[in-house]
Amino acid sequence: TDNEDDYPQESSRKRARFAQIASITRFANSASCNVVAASNVAASNNGETQALVILDTGANIHIVNRPDVLGARRHISTTTIKGVGGESITPRCTGKFGPFGTAYCVPTSTFNILSFRLLAKRFAVTYHREDDTFDVVDQKRAVLIARFAHNKDGMYALEGTEDEEVNNLL
């Protein structure tokens with residue numbers, strides 16, 4: 001189990017933001033989906049920014065914040081994504097997010113979110129305790145689709161892939 005001493009004290013503003021994220025993402029169903037809000041970019045080695053993809057064990061859907069990463073994109077206006085706090089967002093569109101399957105586009109979402117539950121239905125997901133990572137493997141093709149590593153913000157962020165389609169999405 002985690003020990004509180006393992007994590008540095010967060011500022012009250014950051015703690016409040018993480019509490020908001022947790023409350024928004026905790027409860028959702030297929031009719032009213034969930035949203036996460038926080039920082040959507042991470043610095044790459046050359047100083048440019050790239051979209052951050054996180055693995056969310058509480059999510060019931062996949063969410064992206066850029067419509068251009070969706071294939072077979074279609075406009076939607078009747079689906080509502082509702083968080084626990086009562087805030088609702090209507091996604092702009094839905095489409096195929098590479099090998100991960102259907103995702104909703106919410107440009108105001110500050111993360112691209114992959115649902116652990118949906119990934120586990122489609123792929124083999126393995127947790128590696130020694131390095132605190134999750135591997136998502138397409139067993140039919142014997143390809144590592146994604147590796148998620150625990151980052152400094154306490155989230156499992158996409159760290160790597162062997163899949164060309166996933167690389168092209170990022």
With no hydrogens and no angle check, is any side-chain donor or acceptor of [X] less than 3.5 Å from a backbone partner on [Y]?
{"X": "Asn151", "Y": "Asp153", "answer": "yes"}
{"X": "Asn60", "Y": "Ser115", "answer": "no"}
{"X": "Arg92", "Y": "Pro67", "answer": "no"}
{"X": "His62", "Y": "Phe100", "answer": "yes"}

Do [X] and [Y] have side-chain heavy atoms sitting under 4.5 Å apart?
{"X": "Leu70", "Y": "Val64", "value": "yes"}
{"X": "Leu144", "Y": "Asp135", "value": "yes"}
{"X": "Tyr127", "Y": "Thr133", "value": "no"}
{"X": "Pro99", "Y": "Asp138", "value": "no"}
{"X": "Thr94", "Y": "Arg74", "value": "yes"}
{"X": "Asp163", "Y": "Arg141", "value": "yes"}

Which heavy atom in [X] sits nearest to a heavy atom in [Y], and how many Å separate them?
{"X": "Val125", "Y": "Phe116", "result": "CG1-CE1, 3.5 Å"}
{"X": "Arg66", "Y": "Cys105", "result": "C-SG, 3.8 Å"}
{"X": "Phe148", "Y": "Leu158", "result": "CD2-N, 3.4 Å"}
{"X": "Leu119", "Y": "Leu114", "result": "CD1-CB, 4.0 Å"}

Could you state the interatomic distance from [atom1] ([X]) to [atom2] ([Y]), rounded to the nearest 0.5 Å?
{"X": "Thr79", "Y": "Ile89", "atom1": "OG1", "atom2": "CD1", "result": "13.0 Å"}
{"X": "Asn112", "Y": "Leu52", "atom1": "CG", "atom2": "CG", "result": "7.5 Å"}
{"X": "Thr102", "Y": "Ile61", "atom1": "OG1", "atom2": "CD1", "result": "10.5 Å"}
{"X": "Tyr156", "Y": "Asp56", "atom1": "OH", "atom2": "CG", "result": "12.0 Å"}
{"X": "Phe134", "Y": "Leu55", "atom1": "CZ", "atom2": "CG", "result": "6.0 Å"}

Would you list the pairs meeting salt bridge (Lys or Arg N to Asp or Glu O under 4.0 Å) in which at least one residue belongs to residues 93-113, sequence neighbours left out?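 Sorted pair list: Lys96-Glu165.
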Starting from Leu118, walk the hydrophobic network (Ile, Leu, Val, Met, Phe, Trp, Tyr; side-chain heavy atoms closer than 4.5 Å) and list everyone else you reach, by chain and number.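 So far as hydrophobic clustering goes, Leu118 is joined with none.
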With sequence neighbours excluded, tell me which residues meet side-chain hydrogen bond (donor to acceptor under 3.5 Å, both in side chains) with Asn168.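 Result, side-chain hydrogen bond (donor to acceptor under 3.5 Å, both in side chains) vs Asn168: none returned.
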